[in-house]
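In what follows, a single structure is set out as structure tokens and then discussed.
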Number of protein chains: 2
Amino acid sequence: MTTSASADIRDTRARLLDAAEAVFMACGYEGASMRQITGDAGVNLAAGHYHFGSKEALFEAVLNRRLHVLNQERLRVLDGLEAKANGAALKPSQILDAFFGTLLRMAIAHGDRGQTFLRLIGRTFTEPAEFIRTVLSEEFADVLERYKAALFRALPEVPKEEIIWRFHFMLGATSYTIAGTDTLRLVTDWQTGAADDDLECLLPRLMSFLLGGLRAPLPATASPVPQPRGNCRTRRKKP
Amino acid sequence: MTTSASADIRDTRARLLDAAEAVFMACGYEGASMRQITGDAGVNLAAGHYHFGSKEALFEAVLNRRLHVLNQERLRVLDGLEAKANGAALKPSQILDAFFGTLLRMAIAHGDRGQTFLRLIGRTFTEPAEFIRTVLSEEFADVLERYKAALFRALPEVPKEEIIWRFHFMLGATSYTIAGTDTLRLVTDWQTGAADDDLECLLPRLMSFLLGGLRAPLPATASPVPQPRGNCRTRRKKP
DNA sequence: CCAGAATTCAAACGAACGTTTTAATCATAC
DNA sequence: GTATGATTAAAACGTTCGTTTGAATTCTGG
């Protein structure tokens with residue numbers, strides 16, 4: 001008798017998205033089945049295809065529902081920072097907080113659902129399926145370009161190539177940690193209670209780690225001044 | 001006519017392991033099929049089950065074939081370092097090089113196959129399937145315990161909890177990067193040529209990033225002296 | 001109230017999956 | 001050569017998958 005008035009279309013769609021989010025998170029894209037998703041959502045099997053068209057499209061919808069607002073927010077925050085700095089380069093800590101802090105704060109603000117989506121994002125970043133990588137790269141293109149540029153300006157003495165590498169490392173540390181599929185977690189006696197605590201702890205810990213890595217001394221092989229060409233060793237021919 | 005003398009048992013098993021390694025890497029565990037693996041290996045479909053018993057067992061064999069020698073080597077290197085230091089704590093850089101450097105150097109030493117396995121490891125660390133996490137945690141239990149202890153001794157002023165967190169971050173940065181399923185890589189104009197160069201570049205870059213992160217200033221919320229109990233916020237009951 | 005659209009439902013489709021079975025082939029030792 | 005055990009081969013097993021179908025149901029606007 002729980003006020004099942006109308007609200008049909010939205011209800012089924014939303015229930016599907018929520019259930020799909022959880023199942024995709026728990027099983028991965030290939031491991032999740034439409035039957036389990038629709039079953040958990042309490043809707044008919046065919047409803048998934050009626051509302052989304054295919055399993056791929058459903059996954060894409062799950063991803064975009066939150067990724068889009070996340071990345072819009074990231075752009076908005078960066079815009080705000082750059083406007084306030086008017087012309088001056090931002091501090092690396094500001095940039096990292098705008099990128100990674102926005103992610104974690106949004107997840108915290110959404111409670112358990114936010115936690116689920118956080119883990120789904122982390123896991124999705126290592127999904128092998130082609131179309132998933134396409135979706136991700138399209139969704140992230142603008143944001144990454146903007147943040148890359150901001151980091152270049154913030155760290156003019158660091159070669160751009162090095163910054164890109166370290167951006168990779170930071171993305172990895174973050175997505176791996178939030179995915180929560182952690183091998184270390186299974187081995188270590190991990191003294192943790194509620195998940196809320198974890199998330200609220202995570203941000204400051206992660207931020208100081210990332211900042212330390214981003215501003216670490218350059219490795220010996222990379223020359224401190226940006227060389228005009230040349231990879232690590234300059235594209236040697238086979239001797 | 002290529003000297004197909006004898007070498008039958010070994011041949012089929014080895015071909016299966018190599019093919020499985022590549023297919024699991026490219027498609028993930030769920031996405032890979034026995035038919036594609038045996039097809040690529042050029043052996044009959046049933047050969048997979050004859051030699052390994054099941055798809056799970058085959059995956060486990062693929063993993064253990066290289067993981068075991070890797071982790072034995074990691075233990076051996078750490079033993080050597082601690083013996084030479086006799087009694088004194090190791091430097092963090094030594095520990096990280098023993099753990100992550102050993103991984104990358106072994107991969108480099110094995111050429112293309114090493115690169116494939118490196119990516120498979122990175123990807124496996126985020127596989128959702130239960131039995132995979134079990135395999136990983138068993139295989140890594142000893143190594144992680146030893147390296148955790150070494151880090152505790154190397155950084156006595158850092159709370160153990162913080163070190164564990166940073167170990168997570170370091171594992172994440174590494175496994176994500178070597179998995180090579182990189183979203184950033186799809187977006188960024190990634191000026192890279194041969195994969196060999198990448199791998200040889202990666203170690204010094206990764207090491208300085210990890211070291212910078214590991215030795216970063218402690219976050220504000222974590223008190224610098226290790227508190228007797230208490231998580232980030234000390235296990236509050238719901239108010 | 002009723003036409004017409006939107007949505008749900010039960011049932012089935014064909015394909016692909018991991019696995020098993022049974023027979024054929026091969027190597028090896030007597 | 002022939003028996004024996006190990007390996008390979010071809011075919012099929014039952015299950016599950018994503019997807020489709022067509023009728024039943026519910027909502028919507030006149």
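Chain letters run A, B, ... following the sequence lines, proteins first and then strands; every chain starts at 1.
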Hey, what are the protein-to-nucleotides 18-21 of chain C N/O distances that come in under 3.5 Å?
residue: C:dG18; atom: OP1; partner: B:Ala32; partner atom: O; Å: 3.3
residue: C:dG18; atom: OP1; partner: B:Met34; partner atom: N; Å: 3.4
residue: C:dG18; atom: OP1; partner: B:Lys55; partner atom: NZ; Å: 3.0
residue: C:dG18; atom: OP2; partner: B:Met34; partner atom: N; Å: 2.9
residue: C:dG18; atom: N7; partner: B:Arg35; partner atom: NH1; Å: 2.8
residue: C:dG18; atom: O6; partner: B:Arg35; partner atom: NH2; Å: 2.9
residue: C:dT19; atom: OP2; partner: B:His49; partner atom: NE2; Å: 2.8
residue: C:dT19; atom: OP2; partner: B:Lys55; partner atom: N; Å: 2.8
residue: C:dT19; atom: O5'; partner: B:His49; partner atom: NE2; Å: 3.4

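- For D:dT8, one of the phosphate oxygens OP1 or OP2 lies less than 4.0 angstrom from a side-chain nitrogen or oxygen of B:His51.
- Taking the centre of each ring, A:Phe125 and A:Phe140 come in below the 6.0 Å mark.
- We find the CZ-OH distance between A:Arg123 and A:Tyr29 to be 16.0 Å, quoted to the nearest 0.5 Å.
- Residues A:Phe99 and A:Phe167 place their aromatic rings such that the two centres sit under 6.0 Å apart.
- Cation-pi geometry between B:Arg166 and A:Phe209 is not met at under 6.0 angstrom from the ring centre and within 45 degrees of the axis.
- Across B:Phe52 and B:Ala57, no two heavy atoms sit closer than the pair O-CB, 3.2 Å.
- B:Tyr50 has its OH atom 17 Å from the C1' atom of D:dA10, to the nearest Å.
- At the phosphate of C:dA10, OP1 or OP2 sits under 4.0 Å from a side-chain N or O atom of A:Asn44.
- When side chains are defined from C-beta on, A:Gln115 does not count as touching A:His110, because their heavy atoms never get closer than 4.5 Å.
- Per the geometry, CZ belonging to B:Phe52 stands 15 Å off C1' belonging to D:dT8, to the nearest Å.
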